[in-house]
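The next block holds one structure in the form of structure tokens; read it before the comments.
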Amino acid sequence: MGSLFEELEAREAAARTRVEVLEAEFAEMSGRLSAAREGLERLRIARETVAEVLTEMTPQKPGTRLRLAGRSRVSRWRRRMRGPSGRSSGR
């Protein structure tokens, strides 16, 4: 009978080790998830801030919509910043 209890103790020890390993992996993944969520939130806030600034900088005509995504909007803004000489106006 002694070997049966020894076998059960060995299996319990192995199971305990697996649980500890998984808990450590979970803690690491949880930290990585938290960091990724924070990065996502910072990007969302940055996008909203840029949208607000562009809306305030752009005179809106009735019926026009501001395109926030797209190269053409940024290119036109950069051309305005450079001025007629093609150089930055220092703003």
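Just so we're clear, the structure is a prediction, and the values are computed from it rather than from any experiment.
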Self-check item: From CA spacing to verdict: salt bridge (charged side-chain N to carboxylate O under 4.0 Å, His left out), E12, R16
Solution: CA-CA 6 Å; E12 182 182 354; R16 185 177 296 113; 2.8 Å; yes

Exercise. Kindly determine whether R42 and E38 satisfy side-chain contact (heavy atoms from CB on, under 4.5 Å), including the steps that lead there.
Key: CA-CA 6 Å; R42 284 193 311 269; E38 288 174 12; 4.0 Å; yes

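With values rounded to the nearest 0.5 angstrom, L43 atom CG is found 11.5 Å from E48 atom CD. Once rounded to the nearest 0.5 Å, the distance linking CD of E9 with CG of L4 reads 10.0 Å. R44 CZ to T49 OG1: the interatomic distance, rounded to the nearest 0.5 Å, is 9.0 Å. To the nearest 0.5 angstrom, R47 atom CZ is 10.5 Å from E52 atom CD.
Distance alone, capped at 3.5 Å, is enough to place a donor-acceptor pair between the T17 side chain and the A13 backbone.
Within 6.0 Å of atom CZ in R11, 12 or fewer heavy atoms from other residues, nucleotides or ligands are found, so the atom counts as exposed in its surroundings.
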